[in-house]
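Working notes for the structure below.
The sequence lines fix the lettering, A, B, ..., with proteins before strands; numbering per chain opens at 1.
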Amino acid sequence: MTLLPLFLVRLPSHCLAPLRWLVRHGWLRAADVDWWLQRLHPLLSLQRVYARVLSRRWVADDMLAMTLRCNGNAMDWRPGQHVQLYWLHQGARLSRSYSLTAVQGNGTVELAIKRQPGGKLSEALLDELAVGGCVELAQASGELVWPQQTDAVLLLAAGSGITALLGLLRAALVSGYQAPVTLLHYVRQHGQQAFQNELQQLMQRYPNLQVRWLLTGEANATGETAGRFTPSQVDGVACDSLLACGPNGFVERVGQWWQSGERSGSMQFEAFTAAPAIDNGEVSSVTLSFNRSQQQVVGNNQLNLLEQAEARGLRPAHGCRQGICASCSCQLLSGSVRDLRSGAITSEPGQSIRLCVSVPLSAVALDL
Amino acid sequence: MRNDRELSPEQLQAFAAELDALRQQTLSKVGASDARYIRRVRTAVRVCCWSGRGLLFFGWFPPTWLLGTLLLGLGKIIENMEMGHNVLHGQYDWMNDPEFSSRDYEWDIAGPSAFWRHTHNHVHHTYTNILGMDDDVGYGLVRLFPEQRWKPFYRWQPLWVTLQALLFQYSVAIQHLQLDQYFKGRMSRDELRPRLRTFNSKLLRQWGKDYLFFPLLALLVGGQALAVLAGNVLANLLRNLWTFSVIFCGHFTADAQVFLPAVLDSETRGHWYLRQLRGSSNLQGGRLFHFMTGNLSHQIEHHLFPDLPAHRYAEMAVTVREIARRYGQTYNSGRLSSQFATVLQRIWRYRLPVAVQGS
């Protein structure tokens, strides 16, 4: 049911501030208020960000760009940041992180979603989320910014890493960035060069932009370069500042190359796959990030997370220490853990886990 | 009388393995239907509470006042038992929905959720029925087992229990303040102060909402504030009496067993399961009855599997009962009336230092 048009829904975000105050202080329940607000418009909510799908278009064989119009709770989003997109799957609210490839003033954003073979969330989104459908997003996060004060910018993207850089690139070109920009996009095979048409048009319109595509998985046709990242590929490319985005291994290789030389500008990077889970029974060390307390420590894959956090001086809420009472429930932000009781492995970002019966299998970030 | 077979360590291990298997089997079924269920429960709570409050605005007119009060009481009971209690146990944490998250949920009752997560989820569920460790055994007000040391104060316990039943939500709320420890000098004022602050602000919100805001709102729209106030008082009272009856039947029936702290020494998973089974008692009834008790009528299953969605206890109970039979353990179950009668009997009998034979 829609009693209000969408542009009106975006307005009252500030008018709802008193209600938010009441919710924050426990006088009202956010879900109850949202129920009434949603009688007015399905996207209206006190705190949560809901968005409607305006359009879908395929930008590569396996990547779909989706334009979404958010309600008024999307605060100060920038291109190059990423948002969690929530999707109900068998009763559980799963989420994945997607980069904002474009952000417009009226709350319209563009996300690009790559099909992960076997990934239940990306497949559901691509197959089931139609134009007009509603989804929930989290507030955007991410620190990538366009380096304004440099002579030349090099962008290195691997796979869907292009989505974060494209957002920044589009915004910079539109705002009149003049210095040379070189973009190298590494993809596994033909058909995965996301946004290729658009990038070619941009190259024609902005002579300071150079884009090259590199295939890592199959033989190259004429005029194309092959292979994973090697320093020779960027020989002679002017670069004061570097932005790199892709899987961990890629970003690490780029980082090593960058640090090996004398640089005047800055390097920014974003890596998006967690290191593979170690699950062979051997003792090994893993990185534990406690995001709320802003600590990053080296732990192991033997002790439960509660003990490991306590050993580092943290004082998480806890109770029975045997998985009964749920006092130590905590959000898993990334990485994978094993439940000591059932052996079940959780690697769902945003899932609630019990610290006292969870051991980390890979580098783990916790909302602690 | 209980007539439990003693289990050898191997038998205990097998017993635990069977219950663990049942847990896994149920856990693998948990999914979309459970999410739909708890959302429906939430809708039921809203319909009851909001329509109840709406009807109370019509003043003292008996049909609307009575119906409004009953609906509000019903909504509060469901919110408290099938919704709040189960959500706070983390039964729906897997949904990853902030609305049903055990960390964030705050229920419509005097006791703050944070207190409950400690006194109930942790203390009561870990140390179930261990004397001196599980404060839920008599709540410090009542002597229910001959193993509890008698104090002159217990002579009047039928009176204390009546008061507790009428004010049950407050009795639960102040448990975590541990005022007895404070007055005995075992807890400092600095320790008490933050708890007291949490307690006061929750109480202020509850009273402000039920006894001030809605009566005043009625006044504003031309209704009768006193009728709304009385309706709220009665609804809360109904909930107190109902939750008290159900909860006292959970662990204090004739066949429920208590334990000494020594059982905790080298307690295995099997021992723990066995203690939960022996210390808890079930209530028999129809589906509506189980729903109204928040499935605490399946107290045994709840204590064996506190973090599985409670509406699945009924199907699990069939297997649990069968496992208990095979291992020669009494499966304590009866109708509410008969179980409650044995609780009253305990309250009456153990008010005296030496139990009167045959009474």
Proximity breakdown for B:Arg23 and chain A, heavy-atom pairs closer than 4.5 Å = side chain
remark   = Looking only at heavy atoms, the pair that brings B:Trp94 and A:Ala92 closest together is O-CB, 3.5 Å
query = So does A:Arg48 pair up with B:Asp97, basic N to acidic O under 4.0 Å?
reply = yes
ask   = Do A:Arg354 and B:Asp307 sit within salt-bridge range, that is, some charged N less than 4.0 Å from a carboxylate O?
value = yes
query = What distance separates A:Trp35 CH2 from B:Arg42 CZ, expressed to the nearest 0.5 Å?
reply = 10.0 Å
Contact leader toward chain A among B:Gln24, B:Arg39, B:Arg46, B:Arg117, where contacts are heavy-atom pairs under 4.5 Å = B:Arg46
request  = Against chain A, label B:Asp34 side chain, backbone, both or neither, depending on which of its atoms sit under 4.5 Å from a heavy atom there.
outcome  = neither
inquiry  = With a 6.0 Å cut-off (strictly less than), is the heavy-atom count around CD of B:Gln13, excluding the residue itself, greater than 12?
reply    = no
query = Is it the backbone or the side chain of A:His25 that comes under 4.5 Å from a heavy atom of chain B, or both, or neither?
reply = backbone
Selection from B:Ala114, B:Pro98, B:Gly31 maximising heavy-atom pairs under 4.5 Å formed with chain A = B:Pro98
query = Are A:Arg29 and B:Glu79 within salt-bridge range, i.e. N to O under 4.0 Å?
reply = yes
query = CG of A:Asp76: more than 12 outside heavy atoms within 6.0 angstrom?
reply = no
inquiry  = Could you report the tightest heavy-atom contact between B:Leu204 and A:Trp27, atom names first, then the distance?
reply    = O-CH2, 4.1 Å
inquiry  = Measuring from atom CD of B:Glu99 to atom CG of A:Asp32, what distance do you get when rounded to the nearest 0.5 angstrom?
reply    = 7.5 Å
message = Under 4.5 Å from any heavy atom of chain B, what part of A:Asp34 do you find: side chain, backbone, both or neither?
response = neither
task = Can you tell which part of B:Tyr105 gets under 4.5 Å to a heavy atom of chain A, answering side chain, backbone, both or neither?
result = side chain
query = Can you say whether A:Gln331 sits under 4.5 Å from chain B via the side chain, the backbone, both, or neither, judging by heavy atoms?
reply = both
query = In terms of heavy-atom contacts, does CD of A:Gln90 have more than 12 from other residues, nucleotides or ligands at under 6.0 Å?
reply = no
key: B:Arg103 portion near chain A, given a 4.5 angstrom heavy-atom threshold   = side chain
key: Donor-acceptor under 3.5 Å (A:Arg93 side chain, B:Asn96 main chain)   = yes
Rounded distance [0.5 Å steps], SG in A:Cys330 versus CG in B:Asp93 = 11.0 Å
remark   = Closest heavy-atom pair, B:Met95 versus A:Gly91, reported as atoms and distance to 0.1 Å, is CG-O, 3.5 Å
